[in-house]
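Notes follow once the structure below has been shown.
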Amino acid sequence: MAKWRASSNHSSIARPPRAELPVSKPSPRKRRFPRPPRRAIPTVPGIFALIAPTFLGLAAVTATNNLLFLLLGATLGAVVLSGILSERNLRPIRIRVMPVSPIYAEAPARLEVRFLRDEARGPAFDLRYREIPNGNFWPWARVQPGEVLDVHLPVMEDRTARCLGERRFARRGRVALHEAELATRFPFGLLIKSKDVDTDLEVLVRPRRVDRPPELARPPGVTGMGETAQHRGLGLDVYGLREREERDSEHRVHALRSLALGRPVVLEMTGTERPRAELGVATGPDADPESLERTLEYAQAALRAWDEEGFAVGLTTHSGSFAPGEVTLDGLLDHLAGLQPELSRGTARVPSSWLVPAGAAAPAGVATFHVALDGTLSEGAREQAA
């Protein structure tokens, strides 16, 4: 099964392991019954084209008029030719779907649909890829906007073609797309000819994007690191730089950053590392599901904001611990997306502050931020270790 990561980061830095989430997918035989693998559904003009031969045939036999026989043959030939050309249009084409950017719950996600074929034997027209929710393949079935992935390709001239579509996912975690079909109305618009296609795709959906809570405006536990302001600048490449003073020699001037900033800056030989910020997330088996979702949303918002402010961020959960700078931010957010309530496996790293959903418990001796059932965040008292 092809599994595509929602993250757009392709660096060689190791990513944290992801929890395997159960994805319920019915067997092909069960999910396709009683839907036939090939379908031809008449359109409104197609219904007329199918009914007209009946009356033309009765009139031709009754009146023995050659012109009516010619019209009967033309209408029947149009129906047959429509089926042959549409089948030629669909048969060689395969579909591949992949995300083009990170996917967040309840937000429009952009997915790329690739139309593939082995040989380009002329153009293919009017191709439509559409998910089939609950096996309902009828074209007039109503679905909510964004509930299914639906893209249309007017013309395919080469061996490959691409379309972008949008899809919404209700919750985080690994989500399997619905079954899908490839359809066409080519050439006359009389029949909607379609076939089942197997994309077999699972996407990793991150928690919903929310604003960072005021309680997490600054990373807890960084006050003991000294004056962290001197470590932060306008970007990752300006850490350890400061304004040039008269006592500084010319060889210490950072030429590229000085040109970019429009003023001379020099390399500071001390304190060049990024400030560190760590956060723990309690995911005990007794955690309330909705409170856990709010907790992961707050953790994601905090880690993202701290990273933008110049901190090297780290994350600790019951399933693993990642020191600041050990993995990328995308790796941490993907790890949050796959978390499930589970028992602690024990870790040598214990951050000084934890986000604790309702029903879960954090290690003793740390500062806690409790997340209520309604999503309210409150700072708890520090419990002394036994």
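Model, not experiment: these values are computed from the prediction.
One hydrophobic cluster, built from ILVMFWY side chains closer than 4.5 Å, cannot hold both V79 and L68; they sit in different ones. By the rule that hydrophobic residues join a cluster once side-chain heavy atoms approach within less than 4.5 Å of another member, V281 and V210 end up as members of one cluster. If you chain together hydrophobic residues whose side chains sit under 4.5 Å apart, Y298 and L329 fall into the same group. Linking Ile, Leu, Val, Met, Phe, Trp and Tyr residues whenever their side-chain heavy atoms come within less than 4.5 Å places L177 and I103 in a single cluster. Under the 4.5 Å side-chain heavy-atom criterion for Ile, Leu, Val, Met, Phe, Trp and Tyr, I192 and I47 are members of distinct hydrophobic clusters.
Side-chain contact between L292 and L339 is absent, with no heavy atoms from C-beta onward closer than 4.5 Å. Side-chain contact between L303 and L336 is present, with heavy atoms from C-beta onward closer than 4.5 Å. The side-chain heavy atoms of L116 and R96, taken from C-beta on, include a pair separated by under 4.5 Å. Counting heavy atoms from C-beta outward, D126 and H152 have side chains that approach closer than 4.5 Å. By the 4.5 Å heavy-atom criterion applied to side chains, V265 and L261 are counted as neighbours. Looking at heavy atoms from C-beta onward, D288 lies in side-chain contact with L373 at the 4.5 angstrom threshold. With a 4.5 Å cut-off on side-chain heavy atoms, F369 and S353 count as touching. Using a 4.5 Å heavy-atom cutoff, the side chains of L90 and L127 are in contact.
Look at R38 and E87 and you find a salt bridge, because one of the NZ, NE, NH1 or NH2 atoms lies within 4.0 Å of a carboxylate O, short of that distance. We find that D334 and R206 are joined by a salt bridge, their nearest charged nitrogen and carboxylate oxygen being less than 4.0 Å apart. Between E297 and R212 no salt bridge is recorded (no basic side-chain N to carboxylate O distance below 4.0 Å). The residues E112 and R110 are annotated as not salt-bridged, no charged nitrogen and carboxylate oxygen being separated by less than 4.0 angstrom. The pair D150-R167 does not count as a salt bridge, with every side-chain nitrogen at least 4.0 angstrom from each carboxylate oxygen.
The 12-atom threshold is not exceeded at CG of D211, counting heavy atoms of other residues, nucleotides or ligands nearer than 6.0 Å. Enclosure of atom CD in E157 is not indicated, since only 12 or fewer non-hydrogen atoms of other residues, nucleotides or ligands lie within 6.0 angstrom.
Among all heavy-atom pairs drawn from L111 and P99, the shortest one is CD2-CA, 3.5 Å. Here the shortest heavy-atom pairing between A282 and A361 reads CB-O, 3.8 Å. Taking every heavy atom of both residues into account, P207 and A337 meet most closely at CD-CA, 4.0 Å. Between G375 and R294, the shortest heavy-atom distance links the atoms CA-CG, 4.0 Å. In this structure, A170 and A105 approach most closely via the heavy-atom pair O-CB, 3.9 Å. Closest heavy-atom contact between A124 and I93: CB-CD1, 4.2 Å.
Although no hydrogens or angles enter the test, the distance criterion places a donor-acceptor pair under 3.5 Å between the side chain of S86 and the main chain of G83. Checked by atom type and distance alone, the side chain of T184 pairs as donor or acceptor with a backbone atom of F186 at under 3.5 Å. Remark: side-chain polar atoms of T283 are not paired, donor with acceptor, to backbone N or O of P341 under 3.5 angstrom. Checking side-chain atoms of R168 against main-chain N and O of E106 turns up a donor-acceptor pair under 3.5 Å. The backbone N or O of M156 lies less than 3.5 Å from a partner atom in the side chain of R117, making a donor-acceptor pair. At distances below 3.5 Å, at least one donor-acceptor pair connects side-chain atoms of E326 with backbone N or O atoms of A323. Of the possible polar contacts, none joining the S194 side chain to the A183 backbone as a donor-acceptor pair under 3.5 Å is found. A donor-acceptor pair under 3.5 Å is formed between the side chain of T43 and the backbone N or O of L190.
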Take L279 and W354 through the side chain to side chain contact (heavy atoms under 4.5 Å, CB included) test and state the conclusion after the steps. CA-CA 6 Å; L279 185 65; W354 284 68; over 6 Å; no

Should H335 and L315 be marked as a side chain to side chain contact (heavy atoms under 4.5 Å, CB included) after you check the CA-CA gap, both sets of side-chain angles, and the distance that decides it? CA-CA 9 Å; H335 182 67; L315 176 67; 4.0 Å; yes

Stepwise side chain to side chain contact (heavy atoms under 4.5 Å, CB included) check, T295 with V356: CA-CA 7 Å; T295 301; V356 184; over 6 Å; no

Residue pair L332, V327: steps toward the side chain to side chain contact (heavy atoms under 4.5 Å, CB included) verdict: CA-CA 7 Å; L332 297 180; V327 296; 3.2 Å; yes

Please walk me through it: do R304 and D330 pass salt bridge (charged side-chain N to carboxylate O under 4.0 Å, His left out)? CA-CA 9 Å; R304 179 180 294 277; D330 285 329; 5.5 Å; no

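To the nearest 0.5 Å, atoms CH2 (W306) and CZ (F311) are separated by 8.5 Å. Rounding to the nearest 0.5 angstrom, the gap separating the CG atom in L71 from the CG atom in N65 is 8.5 Å. Separation of atoms CZ (R91) and NZ (K195) is listed at 8.0 Å; rounding is to 0.5 Å. Atom-to-atom distance recorded for D196:CG and L182:CG is 10.5 Å, nearest 0.5 angstrom. In this structure, OG1 on T316 lies 5.5 Å from CD on E278, to the nearest 0.5 angstrom. The distance from atom CD1 of I51 to atom OG1 of T75, rounded to the nearest 0.5 Å, is 12.0 Å.
Side chains of Y104 and R209: a donor-acceptor N/O pair is absent below 3.5 angstrom, by distance only. In this structure, a donor-acceptor pair under 3.5 Å is absent between the side chains of D158 and T160.
For E119, the side chain to side chain contact (heavy atoms under 4.5 Å, CB included) partners at least two apart in sequence or on another chain are R121.
With E181 as reference, R39 is the one residue of R128, K193, R39 to meet the salt bridge (charged side-chain N to carboxylate O under 4.0 Å, His left out) rule.
In this structure, R171 fails the cation-pi test against F169, since its NZ or CZ atom is not both closer than 6.0 Å to the six-membered ring centre and inside 45 degrees of the ring normal.
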Show me the side-chain donor-acceptor pairs of residues 52-60 shorter than 3.5 Å, one per line, residues at least two apart or across chains.
none

